[in-house]
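Down below is the structure, laid out as structure tokens.
Each ligand, and each atom within it, is numbered from 1 in the order the structure gives.
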Amino acid sequence: MLPLTVLEEVSKKLVDFEGTGMSLIEMSHRDKIFDTIHNETVALMRDVYRVPDDFHIIFLQGGATFQFGMVPMAFLKKGESADFIVTGTWGKKAHADAAVVGMANAIWDGRDDGYTRIPAQHELKFNPDAAYVHMCSNETIAGIQWQYFPETGGIPIVADMSSDVLSRRIPWEKFGLVFAGTQKNLAPAGLAVVFIQKDFATRARTDLPAYLRYDLHIKENSLYNTPPTFVVWVMNLTLKWIQSIGGLQEIERLRDLKADMVYAAIDKSGGFYKTGIPKDSRSKMNIVWRMESEELEKKFVEEAAREGLDGLKGHRSVGGMRASVYNAMPVEGVKALVDFMAHFMKKNG
Ligand SMILES: Cc1ncc(COP(=O)(O)O)c(C=O)c1O
């Protein structure tokens, strides 16, 4: 979901960008106009997400999935290993890709619990020689989210934050690299935003094909090849929208408000709506729950859709229901959902 004001501005300016007689998406990415937007977007990202000066910010194609392979190709050198904390679908995919490249140790795997919880610090035993530790801060499908970032004994963390990027302040000092696909909280699909700590960046291999070289993308200010200019433009507008409503602090307040409303509806339903996820692992972005039978779940999704509540079906790999309450979801949207949940329970409970 994108903020309505962003979509409206895009539709207003799409054909003729600010009186230039041309659409922004027709212009060259070397054009001064796009260049200004691109640099402003990087600066906005640094400001809004409070990214320290010792991090590069680059935009890369291939989404978050491409980073699953690109990170180990650059940072997992011969004879080295990396630690993986596998908390769900996305952690598994990143681990599998790294294992193709080198030694990827799954030091914790939530498989036995059906990926329904985040590990506690004491369950994590890091390999002191690991080149990095990979984690996924929010497992979009399982609906579980880290509420802390682990102490790794100084090993840089590589974090996939695709589905909770810009929804909270993060302790930047713990990270070597953070990446996030743009399509949840930032813009349409088409890019990953990659934040790389400057010392960590110097460890990246440079003897790789061009697109796999972080050093090249950093040097070329993400313009090594033609970027999806539309995605950068929308991200620019989304970042300005976050600023206009009060920045990350306001995003955090709204995030808590919205997530608490849905979890309260689940918790006070007396088991009609069920979540097996312990409170300390619950995602504030993707809220998942089940009902007594698949038949009832199907009915819930169908009736909700008729009320204009779309996309509540859980991911096909896990079933059940999922409410994704990304940054742009207005509080009224969540209010409509919890009202519907109460109404549906009354009729079917
Ligand atoms: C946490 C997480 N990581 C990675 C991905 C894959 O992202 P992409 O489709 O941009 O490659 C997703 C997609 O939903 C995701 O939620």
Is a side-chain donor-acceptor pair under 3.5 Å present for [Y] with [X]?
| X | Y | answer |
| --- | --- | --- |
| Asp160 | Asn138 | no |
| Asn286 | Glu139 | no |
| Tyr273 | Asp267 | no |

Using a strict threshold of under 4.0 Å (side-chain N to carboxylate O), is an ion pair present between [Y] and [X]?
| X | Y | result |
| --- | --- | --- |
| Lys219 | Asp215 | no |
| Glu40 | Lys240 | yes |
| Lys13 | Glu9 | yes |
| Lys258 | Glu332 | no |

Which residue supplies the protein heavy atom nearest to [atom], what is that atom called, and how far is it?
| atom | result |
| --- | --- |
| atom 7 (O) of ligand 1 | Ala64 CB, 3.4 Å |
| atom 3 (N) of ligand 1 | Asp160 OD2, 2.6 Å |
| atom 11 (O) of ligand 1 | Thr65 OG1, 2.5 Å |
| atom 16 (O) of ligand 1 | Thr140 OG1, 2.5 Å |

Examine ligand 1 and decide if any of its atoms is less than 4.0 Å from a heavy atom belonging to [X].
| X | answer |
| --- | --- |
| Gln183 | yes |
| Lys184 | yes |
| Phe68 | yes |

Please could you name the atoms of ligand 1 that [X] approaches to less than 4.0 Å, counting only its heavy atoms?
| X | answer |
| --- | --- |
| Asn138 | 1 (C) |
| Ser162 | 1 (C), 2 (C), 3 (N), 4 (C), 15 (C) |
| Gly63 | 10 (O), 11 (O) |
| Cys136 | 1 (C) |

Considering all heavy atoms, the nearest Phe34-Pro227 contact: CE2-CG, 4.0 Å
Part of Ile141 with heavy atoms under 4.0 Å of ligand 1, whether side chain, backbone, both or neither: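 It is neither part, as no heavy atom is under 4.0 Å.
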